[in-house]
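Scroll down for the structure; my scribbles are underneath it.
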Amino acid sequence: MAIYEYLCPECGPFDVSLPMGTAPQARNCAACGGKARRRYSGPNLSRVHPALAAGLAVEERSREAPEVVRRPDARSGGAREGAPRAASKRPARPPHPGLPRP
């Protein structure tokens with residue numbers, strides 16, 4: 001479906017949604033019933049899916065005011081940067097425990 005724009009001389013512009021390529025040159029105005037001529041305008045490309053619009057808004061906000069991490073990452077074990085870590089019994093690379101390490 002495409003949105004076509006018409007201009008009524010008495011009521012002003014109004015939009016009509018019709019299948020693409022089926023819009024007549026003139027149409028009766030929805031408000032007054034007078035003859036309205038079709039206006040040619042650029043395509044409306046600003047309409048995006050609501051989920052995409054929300055994601056773009058979050059991304060734009062994060063440029064100026066990024067979110068602050070309040071808790072340490074669970075994988076880091078809560079250790080501060082520069083603090084020594086406790087030795088782990090698990091190998092550093094679990095899928096490859098038997099391979100030689102540099």
Side-chain angles (χ1 to χ4, degrees):
M1 295 295 266
I3 298 174
Y4 294 96
E5 195 172 325
Y6 288 88
L7 179 63
C8 176
E10 295 187 27
C11 302
F14 63 95
D15 297 335
V16 178
S17 181
L18 298 168
M20 191 173 286
T22 62
Q25 292 298 321
R27 184 178 180 89
N28 291 336
C29 175
C32 69
K35 197 167 198 171
R37 293 187 51 93
R38 183 172 162 199
R39 283 176 53 176
Y40 290 93
S41 58
N44 188 359
L45 300 177
S46 64
R47 294 183 185 183
V48 296
H49 192 273
L52 176 60
L56 291 172
V58 167
E59 188 270 335
E60 191 171 332
R61 280 193 309 267
S62 71
R63 288 184 202 160
E64 300 297 324
E67 291 185 24
V68 178
V69 176
R70 303 276 184 218
R71 286 184 265 154
D73 191 317
R75 292 175 291 177
S76 69
R80 290 190 210 157
E81 189 176 321
R85 290 182 174 225
S88 172
K89 292 184 181 181
R90 289 186 345 182
R93 298 181 191 130
H96 310 288
L99 295 177
R101 297 179 197 207

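For clarity, every value in this text was computed on a predicted model and none was experimentally measured.
- Under the rule for a side chain to side chain contact (heavy atoms under 4.5 Å, CB included), the partners of Leu56 that lie at least two apart in sequence or sit in another chain are Leu52.
- Under the side chain to side chain donor-acceptor pair (under 3.5 Å) criterion, Arg39 pairs with Glu5, sequence neighbours left out.
- Residues passing the salt bridge (charged side-chain N to carboxylate O under 4.0 Å, His left out) test with Glu59, sequence neighbours excluded: Arg63.
- Applying the side chain to side chain donor-acceptor pair (under 3.5 Å) test to residues at least two apart or on different chains, the pairs with a partner in residues 12-31 are Gln25-Tyr40.
- For Arg38, there are no salt bridge (charged side-chain N to carboxylate O under 4.0 Å, His left out) partners at least two apart in sequence or on another chain.
- Applying the side chain to side chain contact (heavy atoms under 4.5 Å, CB included) test to Ala31 and every residue at least two apart in sequence or in another chain returns Cys11, Cys29.
- Residue Val58 belongs to no hydrophobic cluster, having no ILVMFWY side-chain heavy atom closer than 4.5 Å to its own.
- Residues Tyr4, Tyr6, Phe14, Val16, Met20 make up the rest of the hydrophobic cluster containing Leu18, defined by ILVMFWY side-chain heavy atoms closer than 4.5 Å, directly or through other members.
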